[in-house]
2 protein chains.
Amino acid sequence: MLATARSKLRRSASLRDPERTRRKLLDAGFREVYERGYQSADLDAVLERAGVTKGALYYHFENKEALGHAIIEEVIAEMTRQKWHIPLQKGNPIDTLIHIVQSTRTEVAEMRGGCPFNNLAQEMSPLDEGFRKRLAKILSEWHGAMAGAFRRAQAEKMLRKDLDPDDEATFVIAMYEGYISLAKNSQDPKLLKSGKRRMIDYLESMRA
Amino acid sequence: MLATARSKLRRSASLRDPERTRRKLLDAGFREVYERGYQSADLDAVLERAGVTKGALYYHFENKEALGHAIIEEVIAEMTRQKWHIPLQKGNPIDTLIHIVQSTRTEVAEMRGGCPFNNLAQEMSPLDEGFRKRLAKILSEWHGAMAGAFRRAQAEKMLRKDLDPDDEATFVIAMYEGYISLAKNSQDPKLLKSGKRRMIDYLESMRA
DNA sequence: GCTAACATACCAACTAGTATGTATGTAAAT
DNA sequence: ATTTACATACATACTAGTTGGTATGTTAGC
């Protein structure tokens with residue numbers, strides 16, 4: 001009875017589990033790419049992080065590029081959905097956005113890494129259309145989720161009617177990414193704290 | 001008589017001219033780094049662009065890192081001064097900033113490269129303190145030039161007194177870099193055009 | 001027994017850096 | 001004025017380390 005349950009639910013960690021192996025490769029790949037960039041990401045380092053070997057990597061992914069694509073589509077896109085799309089689905093989007101901004105960490109260790117989406121976008125967009133399009137899709141869906149929430153908020157009289165939802169969504173994202181980028185370089189908590197105040201002030205000014 | 005003039009003024013292009021060679025290496029290095037990133041920049045490609053060989057490179061620069069540092073300090077810092085510091089030294093800084101924003105190209109080919117400063121800052125800041133500090137100095141001076149112009153504008157009653165010059169300078173830079181970053185990925189002129197309008201609207205709202 | 005899911009060993013290409021050679025400019029000595 | 005001496009300013013050829021990818025072997029699970 002225990003044996004049958006294992007097949008779907010309690011998978012032993014040390015035995016064979018291709019989905020779990022693939023997950024570990026994606027997670028390890030993401031961390032490596034996040035820290036060093038895609039082009040400088042070392043596949044041997046990815047394997048060490050994941051605790052597997054070359055055979056496992058090239059069984060699950062055709063090559064380095066395919067791993068990079070999967071990291072975008074499955075890891076980064078999912079992080080974006082968790083952080084932005086889902087909270088924006090209900091409630092007052094202004095409150096939601098203020099909460100997201102407010103909870104942005106200003107410790108040096110946190111600022112240091114920057115935004116996973118923007119890091120990859122800046123590095124790869126001019127170099128590879130496969131990467132650029134996949135990242136542009138994330139941006140488009142991010143923008144769509146926010147603009148949609150703005151339209152709903154206007155209908156529910158939570159957001160000023162004179163604001164264009166699309167322009168505002170683009171503006172909020174640009175502002176946010178801009179501050180995160182500057183903070184990543186300056187390593188100065190004061191910069192990001194100033195940014196958080198300014199962004200929250202602006203979000204407040206959007207209320208109906 | 002012509003022979004003596006050559007020594008300082010009319011240096012023949014094909015003969016020896018170490019300053020000119022160094023310049024060509026810096027320019028070629030900048031273009032290579034701008035297109036591919038520092039870590040992926042190929043020194044052989046730099047040499048081909050510059051039209052010189054390894055000997056020339058390693059005579060003028062100790063190693064790849066030293067070339068990278070020089071590119072930041074001499075090329076990118078100078079570009080920033082030309083584009084921002086000098087125009088901000090006199091006149092109404094709001095007019096100056098609006099003009100800079102207005103003249104930002106929205107063609108795909110122009111958006112594609114992104115901001116040279118931000119490109120390098122995003123790639124290298126978490127990886128190398130030598131790069132990060134040199135880039136942070138550019139950001140600090142950029143910010144200082146703008147905040148200084150804002151303070152002057154407040155004294156001359158061109159800028160609202162309720163605005164904090166430091167916070168405003170950081171905000172303008174973050175906004176600008178944010179939009180440039182998004183445009184680089186999206187490749188959509190509409191995004192940047194929307195950003196230009198929003199930035200100009202905001203700058204107008206800063207007037208006393 | 002067969003295939004999926006890996007592990008191991010190896011290779012070929014790329015690339016930063018070096019070692020060495022050489023031509024040029026220049027200043028002092030003759 | 002010419003030669004000598006020497007440092008400068010490169011060019012050429014090579015090396016060593018890295019790294020993405022492959023070929024082959026091995027084990028688990030049905």
Side-chain angles (χ1 to χ4, degrees), chain A residues 2-8 10-26 28-29 32-33 35-71 124 127-128 130-131, chain B residues 2-26 28-29 32-33 35-71 124 127-128 130:
Chain A
L2 280 171
T4 56
R6 186 195 51 171
S7 66
K8 283 269 177 178
R10 251 204 89 268
R11 294 212 138 105
S12 168
S14 56
L15 290 187
R16 288 205 168 174
D17 189 342
E19 289 178 31
R20 182 184 163 86
T21 300
R22 195 187 131 90
R23 258 286 135 205
K24 288 200 288 187
L25 282 165
L26 279 175
E32 174 76 5
V33 168
E35 289 180 15
R36 318 214 328 185
Y38 170 77
Q39 297 180 99
S40 299
D42 182 350
L43 291 184
D44 286 328
V46 172
L47 299 176
E48 203 165 348
R49 287 181 196 260
V52 296
T53 58
K54 279 268 170 78
L57 173 61
Y58 282 92
Y59 176 79
H60 287 283
F61 302 97
E62 192 187 341
N63 49 28
K64 185 182 181 182
E65 187 183 28
L67 175 65
H69 290 172
I71 289 171
M124 297 304 294
L127 294 178
D128 188 305
F131 278 79
Chain B
L2 279 172
T4 55
R6 186 194 52 170
S7 65
K8 284 268 178 181
L9 290 176
R10 250 203 90 266
R11 294 209 136 108
S12 168
S14 57
L15 289 186
R16 289 206 167 175
D17 189 342
E19 289 177 31
R20 182 182 162 88
T21 300
R22 194 187 132 91
R23 256 288 134 204
K24 287 200 288 186
L25 283 165
L26 279 176
E32 173 76 5
V33 169
E35 289 180 16
R36 319 214 326 185
Y38 170 77
Q39 297 179 100
S40 298
D42 182 350
L43 291 184
D44 286 327
V46 172
L47 299 176
E48 203 165 347
R49 286 181 196 261
V52 297
T53 58
K54 280 268 167 79
L57 172 62
Y58 283 92
Y59 176 79
H60 288 284
F61 302 96
E62 192 186 340
N63 48 30
K64 186 182 180 181
E65 187 183 28
L67 175 65
H69 290 172
I71 288 171
M124 298 304 294
L127 295 179
D128 188 305

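Lettering follows sequence order; numbering is per chain, from 1.
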Can you find a heavy atom in the side chain of [X] that is under 4.5 Å from one in the side chain of [Y]?
X	Y	value
A:Y58	A:L43	yes
A:L25	A:L57	yes
A:L26	A:R22	yes

[X] [atom1] to [N] [atom2], straight-line distance once rounded to whole Å:
X	N	atom1	atom2	value
B:R22	D:dT8	CZ	C1'	16 Å
B:R23	D:dC10	CZ	P	15 Å
A:K64	C:dA13	NZ	P	18 Å
B:E19	D:dT8	CD	P	15 Å
A:H60	C:dA4	NE2	P	13 Å
B:D17	C:dG25	CG	P	11 Å
B:N63	C:dT15	CG	C1'	14 Å
B:Y58	C:dT20	OH	P	17 Å

key: Near-strand residues of residues 36-47 of chain A, defined as heavy-atom separation under 4.0 angstrom from DNA chain C   = none
When you get a sec, tell me which of [options] is the closest nucleotide to the side chain of [X]?
X	options	result
B:A56	C:dA7, D:dC10, C:dG17	D:dC10
A:R16	C:dG17, D:dA28, D:dT12	D:dA28
B:T53	C:dT8, D:dC10, C:dT18	D:dC10

Closest approach of [X] and [Y], non-hydrogen atoms and distance?
X	Y	result
B:D42	B:R36	CB-NH2, 3.7 Å
A:G68	A:Y38	CA-CE1, 4.0 Å
B:L127	A:E35	CD2-O, 3.2 Å

query = Do other residues, nucleotides or ligands put more than 12 heavy atoms under 6.0 Å from the CD atom of B:E65?
reply = yes
task = Assess whether one donor atom and one acceptor atom, taken from the side chain of B:K54 and the base of C:dG17, lie less than 3.5 Å apart.
result = yes
